[in-house]
**Student:** 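This is the structure I want to talk about, given as structure tokens.
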Amino acid sequence: MTKNKNTTEDQLSLATQLATAYDDPSGSITPPLYQSSLFSFENFQTFKDTMAGQHQQYLYTRVANPTVNAFETMMAKAEGAEAGVAFSSGMAAISSTLMAFVKSGDHVACVEHVYPDAYRFFEKILRPFGVDITYHSVQDFENDPELLAGCRVAYLESPNSVLLQAMDLPKVAAHAKRHGAMTIIDNSWATPIFQRPLELGIDVVVHSASKYISGHSDVVAGVTVSSQENIQAIRELTLPLLGGKLAPFEAWLLVRGLRTLNARMKNHEATANLFIDRLTSHKAVNAVHSPVPNSVPGLSGRSGLLSIEFDRSVNIEKLVDQLEHFQLGVSWGGFESLVLPSKVSLAQKGEQNSLQRFGVPDTIIRVSLGLEDAEDLWKDFEGALEESVN
Ligand SMILES: Cc1ncc(COP(=O)(O)O)c(C=O)c1O
């Protein structure tokens with residue numbers, strides 16, 4: 001088919017770019033799955049030159065693989081980045097990215113209510129390695145221009161976990177630039193459909209691709225996108241040496257996920273809007289935590305992950321056990337609706353977790369609204385709620 005020469009790819013909307021067929025010489029509209037751990041060489045010279053970095057050829061899948069590269073390229077395009085690198089999980093993306101840029105003696109400023117395992121990574125791995133970590137509220141990041149003085153990395157989530165507080169990213173990015181601090185943000189909640197942090201001045205974006213990017217609850221994966229220089233630094237250091245690479249089949253599934261990301265996010269948003277409209281006026285609901293689109297610069301929509309804070313009249317255990325179309329489980333961002341009561345996370349044994357440290361109420365249910373019919377979901381939720389109010 002003739003390509004419209006008057007339209008460059010950059011002029012197309014993101015939805016069209018992501019849905020556009022793969023450009024393969026065979027005519028295949030999906031990328032080939034290179035399920036191979038290594039790549040062989042035609043002769044001694046090309047092998048030697050590749051090892052010496054003077055020839056570009058695939059060598060070993062821990063370092064690079066064509067199917068994984070197809071996902072990385074698509075993801076970089078989605079976020080408006082120069083380059084991307086994929087990992088075996090969101091945590092591998094977060095840890096490998098931080099360890100590429102932070103060393104002993106550095107200071108990391110992290111937003112409060114950060115994803116609990118990111119918090120554990122800071123406390124259990126980075127801190128014992130001699131990295132100083134401090135935690136700050138969204139308001140402090142925005143309003144204290146000196147907060148990032150002497151800081152190596154500002155680690156952000158916007159919105160953050162459970163309370164889903166959104167941040168004025170251009171403001172924080174400007175503070176960070178003035179002090180030479182690198183900004184890293186977890187953009188798993190909004191996805192590039194609703195927020196493109198690099199365009200707002202942020203340096204590096206990380207994702208748990210296990211959530212909306214996959215969308216089908218069948219993949220655990222992560223990805224980091226940034227400038228060519230930053231991604232190269234990760235590719236040379238922590239990707240090969242920590243070894244958290246993404247498997248080719250998972251990458252293939254993630255390409256498929258990206259095709260439908262826009263349509264899914266719009267569907268999740270419509271269901272979230274319906275729930276928020278009806279819940280905010282409910283007598284037993286103290287608050288619905290979900291950022292209002294456009295309340296901060298660059299956040300144009302809301303995903304289906306929200307937290308409902310009830311008053312003490314609601315029996316949380318009874319509520320979740322009454323639900324028919326919501327599964328009880330961790331994670332989020334899939335086709336299925338899920339609930340996770342904060343009581344479960346707060347009861348976790350062992351060292352103090354981030355929910356306990358930053359003070360999350362025990363009357364919260366985090367809800368991941370899936371792709372089921374919104375009215376079916378509401379009927380189920382409303383019925384269970386009515387049964388559970390004392
Ligand atoms: C906000 C956020 N970031 C990162 C992660 C970690 O991702 P993964 O489970 O893919 O390692 C999660 C997982 O729940 C998350 O909620």
Side-chain angles (χ1 to χ4, degrees), residues 68 71 75 79 84-99 110-126 135 138 155-167 184-192 194-195 197 202 204-225 238-239 242-247 250-251 253-254 257 265 268 289-291 299 302-307 327-334 336 338-342 344-345 348 353-355 358 360 364 366-370:
V68 177
F71 168 61
M75 198 61 218
E79 285 283 8
V85 55
F87 295 93
S88 54
S89 68
M91 278 314 299
I94 292 166
S95 55
S96 299
T97 300
L98 276 148
M99 290 186 105
C110 177
V111 69
E112 286 179 354
H113 298 287
V114 64
Y115 169 60
D117 275 352
Y119 172 79
R120 292 185 69 218
F121 166 70
F122 291 141
E123 294 301 314
K124 296 257 150 199
I125 296 183
L126 281 194
Y135 299 90
V138 168
Y155 185 82
L156 313 171
E157 271 180 26
S158 184
N160 57 8
S161 292
V162 190
L163 295 189
L164 299 166
Q165 301 157 320
M167 189 182 267
I184 302 178
I185 188 171
D186 182 329
N187 198 32
S188 310
W189 183 92
T191 83
F194 292 142
Q195 177 170 267
I202 298 296
V204 182
V205 173
V206 294
H207 275 276
S208 167
S210 326
K211 316 302 185 211
Y212 289 119
I213 304 296
S214 147
H216 291 77
S217 303
D218 50 11
V219 172
V220 173
V223 61
T224 301
V225 300
T238 46
L239 175 71
L242 296 179
K245 64 95 196 156
L246 182 64
E250 261 78 349
L253 286 171
L254 291 169
M265 293 311 288
H268 289 300
H289 300 279
S290 170
L299 183 68
R302 58 158 56 106
S303 78
L305 185 74
L306 47 95
S307 295
Q327 317 291 323
L328 254 175
V330 295
S331 199
W332 47 275
E336 77 289 11
L338 293 166
V339 287
L340 175 64
S342 60
V344 171
S345 317
Q348 203 177 309
N353 67 36
S354 59
L355 272 71
F358 300 122
V360 166
I364 281 185
R366 193 187 73 178
V367 180
S368 177
L369 295 162

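Because the structure is predicted, anything quoted here is derived from the model rather than measured. In listed order, ligands and their atoms are each counted from 1. Values below: all heavy atoms of this structure, side chains included; hydrogens, waters and symmetry mates excluded.
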**Student:** Protein residues near ligand 1, heavy-atom distance below 4.0 Å?
**Tutor:** Ser89, Gly90, Met91, Ile94, Tyr115, Asp186, Ser208, Ser210, Lys211, Ala221, Trp332
**Student:** Mind listing the closest non-hydrogen atom pair of Leu164 and Ser307 along with its distance?
**Tutor:** CD1-N, 3.9 Å
**Student:** With sequence neighbours excluded, tell me which residues meet ring-ring contact (aromatic ring centres under 6.0 Å, His included) with Trp332.
**Tutor:** Tyr212
**Student:** Looking at Ala221, is its backbone amide N or carbonyl O close enough to the side chain of Ser210 to form a donor-acceptor pair, meaning the two atoms are under 3.5 Å apart?
**Tutor:**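 Judged by distance alone, yes, a pair lies under 3.5 Å.
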**Student:** State which residues pass side-chain hydrogen bond (donor to acceptor under 3.5 Å, both in side chains) with Tyr119; sequence neighbours excluded, sorted by chain then number.
**Tutor:** Arg357
**Student:** Does any part of the side chain of Leu299, heavy atoms only, come nearer than 4.5 Å to the side chain of Trp189, both counted from C-beta?
**Tutor:** yes
**Student:** Could I get the full list of salt bridge (Lys or Arg N to Asp or Glu O under 4.0 Å) partners for Glu123, not counting sequence neighbours?
**Tutor:** Arg127
